[in-house]
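The structure under discussion appears below in the form of C-alpha cells.
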Amino acid sequence: MQIVLASGSPRRRELLALITEEFTVCPADADETLRPGAPLEEEVVRLSQLKAQAARRLHPEAVCIGSDTMVTIDGLPLGKPADRGQASDMLRRLRGRTHEVLTGLAVLPPAGEARTLCTRTRVTFRAFDEDELAAYLDTGEPLDKAGAYGIQGHGALLIDGIEGDYYSVMGLPVAGLHVILRQMAREMC
C-alpha cells in the first residue's frame, strides 16, 4: 500500500514513521481559511480532507493522509503568530489556563470514502513569569506553531499537564491513524 503524507511538517513525518517507514511526503497546497461560524471540530477535519485531496491529485493510486491542528481558547482559534508580539500575546492568553488542541485527520484510500476523525486534547499552562516568556520567545520556536508553542520542544517547559493525546498536540493522532491504516490494509487485500 503506497502512503502519501500531505504535509511538509517534520513533526508529522516523524510521527508517521512510528507507524511505517514507507511513505512519500507531498506538502499540500490547500486554502486553510476557516468558514465563519463553522464548528472548529468540523473545520479541522475539513482542512485535513482538503490537504489529503490535494495530495491525491498528484498521487491517485496512494492512500493520502491529511492532518490539521488548531489551538483554541475561549472557543476561538489561535493560529500561527505573525511575529514575536503576536506570539507573546497568545502565550500570555494561555498562561495559567487550560486550552484545547483540536487535531483533524483524513485518510483517503485510492477508491472509496475518506476516513476521518477529530481528537480533542486539553493542555494546561503553568503561570510562567515574564522572564520565562521572553526566554521562550528568544528560542524562535513560537513563530511557526499554532498557538505559539510546541509541546515537543522548549514549549514543554510552559506546560503543567495534558489530558488526551500527546501526539495529536504534536500534529498527528498516531494511534487513530494506525487503526485506520490497518483496517484499510485488510480491506485492500
Side-chain angles (χ1 to χ4, degrees), residues 1-72 76-82 100-121 141-153 164-189:
M1 171 167 75
Q2 181 187 5
I3 297 173
V4 173
L5 177 63
S7 175
S9 164
R11 291 165 299 284
R12 288 192 176 111
R13 285 195 304 265
E14 175 186 333
L15 293 176
L16 182 55
L18 295 173
I19 299 171
T20 179
E21 293 287 333
E22 301 296 321
F23 64 91
T24 302
V25 173
C26 178
D29 184 22
D31 179 5
E32 296 189 42
T33 305
L34 298 177
R35 297 176 299 180
L40 298 178
E41 296 87 351
E42 290 177 15
E43 286 298 278
V44 293
V45 171
R46 182 182 68 82
L47 295 175
S48 298
Q49 287 181 292
L50 289 175
K51 293 174 183 181
Q53 290 164 354
R56 175 184 268 171
R57 286 190 284 279
L58 298 172
H59 302 276
E61 300 303 317
V63 172
C64 296
I65 300 166
S67 188
D68 190 74
T69 301
M70 181 184 304
V71 174
T72 69
L76 300 172
L78 297 180
K80 292 180 182 179
E100 291 187 328
V101 178
L102 305 173
T103 298
L105 176 71
V107 184
L108 296 179
E113 295 295 313
R115 311 237 177 125
T116 63
L117 63 85
C118 177
T119 62
R120 178 186 305 267
T121 304
E141 185 177 279
L143 295 179
D144 75 335
K145 308 279 190 291
Y149 77 93
I151 194 169
Q152 73 285 355
D165 183 3
Y166 173 83
Y167 295 108
S168 288
V169 179
M170 280 182 67
L172 194 66
V174 175
L177 177 56
H178 174 69
V179 169
I180 291 170
L181 290 175
R182 282 178 52 93
Q183 289 170 345
M184 282 186 176
R186 284 190 207 116
E187 292 166 7
M188 293 171 101
C189 291

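Sequential numbering from 1 along the given sequence is applied to the chain's residues. Computed from a predicted structure; not experimentally measured.
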- Do the side chains of Met70 and Glu32 get nearer than 4.5 Å, heavy atoms only? no

- Item | Shortest non-hydrogen contact between Cys64 and His59, atoms and distance | SG-O, 3.8 Å

- Does CD belonging to Glu21 count more than 12 external heavy atoms closer than 6.0 Å? no

- Message: Walk me through whether Leu34 and Leu47 qualify under side-chain contact (heavy atoms from CB on, under 4.5 Å).
- Response: CA-CA 8 Å; Leu34 298 177; Leu47 295 175; 3.8 Å; yes

- Task: With the side chain counted from C-beta on, respond yes when Leu177 and Val174 share a heavy-atom pair under 4.5 Å apart, and no when they do not.
- Result: no

- Task: Heavy atoms only: give me the nearest Val45-Leu117 pair and the separation to one decimal.
- Result: CG2-O, 3.6 Å

- Task: Verify the distance criterion only: is there a donor paired with an acceptor across the side chains of Arg120 and Thr72 at less than 3.5 Å?
- Result: no

- Could you go step by step and tell me if Val4 and Leu58 meet the side-chain contact (heavy atoms from CB on, under 4.5 Å) rule? CA-CA 10 Å; Val4 173; Leu58 298 172; over 6 Å; no

- Query: If every non-hydrogen atom of Pro173 is compared with every non-hydrogen atom of Asp165, which pair is closest and at what distance?
  - Reply: CA-OD2, 3.6 Å

- Item | Any side-chain heavy-atom pair of Leu172 and Arg11 under 4.5 Å | no

- Mind checking whether Pro110 and Val63 have side chains closer than 4.5 Å, heavy atoms only? yes

- Heavy atoms, side chains only, cut-off 4.5 Å: are Ile180 and Leu105 in contact? yes

- Item | Whether over 12 other heavy atoms sit under 6.0 Å from Asp29 CG | no

- Where is the tightest heavy-atom contact between Ser168 and Val101, given as atom of each residue plus distance? O-CG1, 4.5 Å

- Answer whether the closest heavy-atom distance between the side chains of Val169 and Tyr149 falls below 4.5 Å. yes

- Message: Looking at every non-hydrogen atom in both residues, tell me the closest pair between Ala146 and Lys80 and how far apart they are.
- Response: N-CG, 3.8 Å

- Here the pair of heavy atoms bringing Ser67 nearest to Thr103 is OG-CG2, 3.6 Å

- Query: Should Glu43 and Arg46 count as an ion pair when the cut-off is N to O under 4.0 Å?
  - Reply: yes

- Interatomic distance, Leu78 atom CG to Lys145 atom NZ [nearest 0.5 angstrom]: 15.5 Å

- Query: Can you check whether Ile65 reaches Ile3 side chain to side chain, under 4.5 Å on heavy atoms?
  - Reply: yes

- Are any of the side-chain heavy atoms of Thr20 and Met1 separated by less than 4.5 Å? no

